[in-house]
Novice: 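Below: one structure in structure tokens.
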There are 2 protein chains.
Amino acid sequence: MLSHKAKYALKALLYLAEQDENHISRTVEIAEGANIPKKFLEQILLDLKRGRFVSSKQGKFGGYYLIKSKNDITLAEIHRLFDGAIALLPCASLNFYEPCADCKTESECSLRHGLMLIRDKTLKAMEGITIASLVNK
Amino acid sequence: MLSHKAKYALKALLYLAEQDENHISRTVEIAEGANIPKKFLEQILLDLKRGRFVSSKQGKFGGYYLIKSKNDITLAEIHRLFDGAIALLPCASLNFYEPCADCKTESECSLRHGLMLIRDKTLKAMEGITIASLVNK
DNA sequence: CTAATTCCTAGTAAATCGATAGAATTAATA
DNA sequence: TATTAATTCTATCGATTTACTAGGAATTAG
């Protein structure tokens, strides 16, 4: 399941994607438009900025805007940024790989193969969903 | 990600599936064979019993055994039993559906459609992984 | 200088997770 | 019937995570 943070991030990106080119959105505007707690959204937007999805203008009349094409922002990326691995166990993960502590006696974790198959299918599906594909749906 | 509980459940089922027909496995035997904390495993086996995957014989010489074919126990079922919904949000879930609280002003949650596509793909993949398919991998 | 905004750090209440403790119940068998 | 060995049940616990909130510092336009 997605965390609220990831869900709010997606809704915020969706909001930004619906604005006119060159429009800068204040946090409070996004919060009201997408129904997200404002102070919580602040943190989320900072995370999105660190992840190079959005950029900001500080000071009066400042705000946030997309710096990545809405066609290139996928659900997989947002999931990884806020909720981490897409695989069901770390030993089956591409970006968050860790060996299982409780599998050291076995040559390899017995679940790993199956979970990697699932990861591949899920990842492919998540990479197919972009912000652009969600706008106006 | 899978909880430890779900992971341990899968490993316990795998252990049971590898035993001879009619063999009854004590909790401590499964715990040692699959490297799972014994007291924690007790709870998990009770959950698996309530879910009709295993049954038990009480008292001396008691223990647990599969009552569902290893070909018919899928990762999707175990996920649902221990970790709940497979979909990324409740509004996109088949078995754990709930409307989003923060989407009531919109006719429908803007994320829902995309998340349902992902759910379908993931679910299909998870239904393809059975205990039998994991044995000796 | 002032107002409006982002940026940063802490804190917090509630829930969840991973596990442990201990006693009750059940069944085999000597 | 007493003993032993197993499941079953309920409660609790500490640590972590989650979903926020609070308060102020830094930045910028006018």
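All values below come from the heavy atoms of this structure, side chains included, with hydrogens, waters and symmetry mates left out. Chain A is the first sequence line, chain B the second, and so forth, proteins listed ahead of strands; every chain is numbered from 1.
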Novice: Output the single nucleotide from D/dA19, D/dC20, C/dT6 whose closest atom is nearest the side chain of A/Gln58.
Specialist: C/dT6

Novice: Once you round it to whole Å, what is the distance between C1' of D/dA19 and NZ of A/Lys38?
Specialist: 17 Å

Novice: How about A/His23 and A/Glu29: does a side-chain donor come under 3.5 Å of a side-chain acceptor?
Specialist: yes

Novice: Confirm from the modelled atom types if A/Gln43 and C/dT6 form a donor-acceptor pair under 3.5 Å, side chain to base only.
Specialist: no

Novice: Could you tell me how far apart A/Lys60 (NZ) and C/dT2 (C1') are, to the nearest whole angstrom?
Specialist: 7 Å

Novice: Between B/Val28 and A/Glu42, name the one whose nearest nucleotide on DNA chain D is closer to the 5' end.
Specialist: B/Val28

Novice: Report yes or no: is there a donor-acceptor pair, N or O only, under 3.5 Å between the side chain of B/Lys39 and the base of C/dG22?
Specialist: yes

Novice: Could you tell me the separation between the CG atom of A/Leu45 and the P atom of C/dC8, rounded to a whole number of Å?
Specialist: 13 Å

Novice: Between A/Tyr65 (OH) and C/dT5 (P), how many Å, whole number?
Specialist: 16 Å

Novice: Mind checking if B/Phe40 touches a base, just sugar-phosphate, or nothing, with heavy atoms under 4.0 Å?
Specialist: base

Novice: Ignoring backbone atoms, establish whether A/Arg50 has a side-chain N or O less than 4.0 Å from OP1 or OP2 of C/dC8.
Specialist: yes

Novice: Below 4.0 angstrom from OP1 or OP2 of C/dC7, is there any side-chain N or O of A/Ser56?
Specialist: yes

Novice: Could you pull out the closest heavy-atom pair between A/Met126 and B/Ile118, with the gap in Å?
Specialist: CG-CD1, 3.7 Å

Novice: Is any NZ, NE, NH1 or NH2 atom of the basic residue among B/Asp47 and B/Lys5 found under 4.0 Å from an Asp or Glu carboxylate oxygen of the other?
Specialist: yes

Novice: Classify the nucleic acid contact of B/Lys49 as base, sugar-phosphate or nothing, counting any heavy atom under 4.0 Å across all strands shown.
Specialist: sugar-phosphate

Novice: Is there a side-chain polar atom (N or O) of A/Thr27 under 4.0 Å from OP1 or OP2 of C/dT6?
Specialist: yes

Novice: Rounding to an integer number of Å, can you tell me how far A/Lys5 NZ sits from D/dC20 C1'?
Specialist: 10 Å

Novice: Check this one for me: any side-chain N or O of B/Lys57 less than 4.0 Å away from OP1 or OP2 of C/dA28?
Specialist: yes

Novice: Measure the distance from CD1 on B/Ile44 to P on D/dT7 and round it to the nearest whole Å.
Specialist: 14 Å

Novice: Contact class for B/Phe82 vs. all strands (heavy atom < 4.0 Å): base, sugar-phosphate, or nothing?
Specialist: nothing

Novice: Please give, in whole Å, the distance from D/dT27 C1' to A/Ile24 CD1?
Specialist: 14 Å

Novice: Starting the side chain at C-beta, find the nucleotide from C/dA27, D/dA6, C/dT20 nearest to B/Arg26.
Specialist: D/dA6

Novice: Please determine if A/Glu77 and A/Lys68 form a salt bridge, counting it only when a charged side-chain N lies under 4.0 Å from a carboxylate O.
Specialist: yes

Novice: Should we count NZ of B/Lys121 as having more than 12 external heavy atoms under 6.0 Å?
Specialist: no

Novice: What is the distance, rounded to the nearest whole Å, between atom OH of A/Tyr64 and atom P of D/dT28?
Specialist: 13 Å

Novice: Output yes when at least one side-chain N/O atom of B/His4 is less than 4.0 Å from OP1 or OP2 of C/dC17, else no.
Specialist: no

Novice: Does A/Leu14 belong to the same Ile/Leu/Val/Met/Phe/Trp/Tyr cluster as A/Tyr65, with side-chain heavy atoms less than 4.5 Å apart forming each link?
Specialist: no

Novice: At 4.0 Å (heavy atoms only), tell me whether B/Gly62 reaches a base, stays on the sugar-phosphate, or touches nothing.
Specialist: sugar-phosphate

